[in-house]
Number of protein chains: 2
Amino acid sequence: MARAGLTAERVTIAGAELADEVGLDQVTMSQVARRLGVKDASLYTHVRSLEDLRGRIALLAADEKTIRIAETTAGRAGKDALIAFANAWREYAHQHPGRYMATQTPIQIDPELAAKAPGPRRAVELTYGMLRGYGLAEPDLTDAVRLLRSTFHGFVALEAAGGFAHERSPQHSWVRALDALHTLLEHWPPSREGDSS
Amino acid sequence: MARAGLTAERVTIAGAELADEVGLDQVTMSQVARRLGVKDASLYTHVRSLEDLRGRIALLAADEKTIRIAETTAGRAGKDALIAFANAWREYAHQHPGRYMATQTPIQIDPELAAKAPGPRRAVELTYGMLRGYGLAEPDLTDAVRLLRSTFHGFVALEAAGGFAHERSPQHSWVRALDALHTLLEHWPPSREGDSS
DNA sequence: AGATATAACCTAGGAGTCCTAGGAATCCAA
DNA sequence: TTGGATTCCTAGGACTCCTAGGTTATATCT
């Protein structure tokens with residue numbers, strides 16, 4: 001019997017493809033093994049557990065999403081960069097719903113593996129870089145980054161969960177949301193001290 | 001042997017409690033049955049399947065969250081209402097992480113059951129009502145509602161997934177985000193036609 | 001090239017899960 | 001009190017995750 005040439009990467013990719021095709025919670029050891037033409041027990045040489053596999057899929061997704069964002073925002077600035085950034089985010093979520101959903105799970109990832117994956121850290125750096133043109137200083141910068149990430153993620157998550165009724169196309173609302181965020185960043189409200197609820 | 005006095009509601013509540021305590025994906029028929037002092041097969045007289053149970057938990061959460069929001073926003077207007085609305089949302093997510101996560105799953109709910117549950121629909125109405133003071137007209141109103149819901153959901157989802165590093169307290173960013181959204185609503189940018197990327 | 005060591009992949013099996021089928025016990029109503 | 005409906009049960013099949021231990025293919029060393 002010839003070997004299948006498995007590797008942690010290949011197993012992760014098979015899992016990610018499966019997640020996009022049939023949903024993340026249909027990603028099972030047996031299914032992934034079947035897709036790779038292998039018995040389920042064979043996967044455990046490359047992946048510690050199902051939990052581990054899901055973590056790897058999440059990291060893969062984070063990396064891929066970050067790369068997409070980096071590519072499309074390269075050389076852009078201001079509103080241009082904001083729109084490119086946001087659209088890359090949303091399009092990745094649309095094209096890879098299973099991978100993207102893996103990102104949302106409360107992270108229980110092998111720390112040494114996470115340390116190797118540049119995705120999440122780089123994504124934050126990219127967001128800060130994109131905001132450079134708006135002239136914000138800390139801690140406003142961090143707050144703005146978190147607001148943007150929240151909005152982008154929330155929008156695509158609600159979209160995926162069917163949270164938007166059909167009256168108006170989500171695409172329209174998305175464009176308008178980006179408009180709104182742009183003007184918001186240009187007129188970021190000054191912080192008043194002693195305001196804490 | 002005395003009967004346990006089960007009902008669809010009681011099963012759903014047991015599942016919701018379990019979800020909050022040990023995580024949504026630990027909510028299993030067997031676990032719920034054990035918690036109720038019953039065999040797993042007995043649950044199927046009240047609930048069609050595990051999928052069905054999760055849907056019911058999601059609806060329960062939506063109703064509860066809506067009620068909390070309605071209570072705290074009653075009699076408030078403007079920024080006051082915005083902050084009360086947002087805080088009620090976030091606090092519910094904090095207090096009931098499992099229930100809240102059930103809300104996020106791509107909804108596959110018995111339509112006739114969903115029709116009975118007032119939660120989701122009423123939540124949207126409340127959001128529209130809260131925005132009344134800002135003087136927005138359609139379609140801006142819908143866009144603003146979607147932006148707010150996206151941001152609220154995205155923030156608590158990222159928070160729950162450990163998406164915010166420890167540098168700065170999420171609470172601070174939350175307060176500032178609400179500030180920002182308030183000023184944004186007061187200066188909602190006019191829509192320019194023919195802008196579609 | 002041949003021998004050896006390492007690692008990949010296998011079979012076998014235990015424990016847990018979802019769900020169905022059909023039987024027994026309990027509650028309710030006439 | 002008796003009949004009927006409903007609740008809860010036992011039994012069991014198919015699937016899942018994961019471990020243990022055995023084979024076989026590949027890589028390395030002499």
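Only this structure's heavy atoms are used, side chains among them; waters, hydrogens and symmetry mates stay out. In what follows, every chain begins at residue 1, and chains take the letters A, B, ... in the order their sequences are listed.
- Partners of B:Ser173 under the side chain to side chain contact (heavy atoms under 4.5 Å, CB included) rule, at least two apart in sequence or in another chain, are A:Asp143, A:Arg146, B:Phe155, B:Arg168.
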Which donor-acceptor pairs under 3.5 Å do side chains of residues 23-31 of chain B form with protein atoms, sequence neighbours excluded?
residue, atom, partner, partner atom, Å
B:Thr28, OG1, B:Ser30, N, 3.3

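- Of the residues in residues 7-33 of chain B, none lies under 4.0 Å from DNA chain D by heavy-atom distance.
- Under the side chain to side chain contact (heavy atoms under 4.5 Å, CB included) criterion, B:Arg68 pairs with B:Tyr92, B:Gln95, B:His96, not counting sequence neighbours.
- Taking the side chain to side chain contact (heavy atoms under 4.5 Å, CB included) definition, one finds that A:Ala81 meets it with A:Arg76, A:Met130, sequence neighbours left out.
- Under the rule for a side-chain hydrogen bond (donor to acceptor under 3.5 Å, both in side chains), the partners of B:Glu21 that lie at least two apart in sequence or sit in another chain are B:Arg35.
- Residue A:Leu6 places its side chain closer to C:dC9 than to any other of C:dC9, D:dC18, D:dC9.
- Atom CG in B:Leu36 sits about 11 Å away from atom P in D:dC9, given to the nearest Å.
- Side-chain N/O atoms of A:Thr151 and B:Ser150 include no donor and acceptor closer than 3.5 Å.
- The aromatic rings of A:His153 and B:His153 sit parallel to each other, their planes meeting at less than 30°, with 60° as the upper class boundary.
- Annotation: side chain to side chain contact (heavy atoms under 4.5 Å, CB included) contacts of B:Arg132 (sequence neighbours excluded): none.
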Would you list the protein and nucleotides 19-22 of chain D atom pairs, both N or O, that sit under 3.5 Å from each other?
none

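- For B:His46, the listed nucleotide lying nearest its side chain is D:dT7; candidates were D:dT7, C:dC10, D:dC17.
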Which pairs of donor and acceptor atoms, one on a side chain in residues 39-46 of chain A, lie under 3.5 Å apart (sequence neighbours left out)?
residue, atom, partner, partner atom, Å
A:Ser42, OG, A:Lys39, O, 3.3
A:Thr45, OG1, A:Ser42, O, 2.7

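- Atoms CZ (B:Arg3) and P (D:dC8) sit 6 Å apart, rounded to a whole Å.
- Residue B:Thr45 places its side chain closer to D:dT7 than to any other of D:dT7, C:dC10, C:dC19.
- Residue A:Leu43 contributes atom CG, which lies 13 Å from atom C1' of D:dT16 at whole-angstrom precision.
- Look at CG on B:Asp40: it is 14 Å from C1' on D:dG13, rounded to the nearest Å.
- The side chain of A:Ser49 lies closest to D:dC18 when the candidates are D:dC9, D:dC18, C:dA7.
- Comparing the end axes of the helix from C:dA1-D:dT30 to C:dA30-D:dT1, each fitted to five base pairs by superposing C1' atoms of four pairs onto the next four, gives an inter-axis angle of 10° (nearest 10 degrees).
- With sequence neighbours excluded, the residues that form a side-chain hydrogen bond (donor to acceptor under 3.5 Å, both in side chains) with B:Glu159 are B:Arg90, B:His94.
- Legend: residues meeting side-chain hydrogen bond (donor to acceptor under 3.5 Å, both in side chains) with A:His182, ordered by chain and number and at least two apart, are A:Tyr134, A:Glu186.
- When the P atom of C:dT17 is taken as reference, atom CG of A:Leu50 falls 15 Å away, rounded to whole Å.
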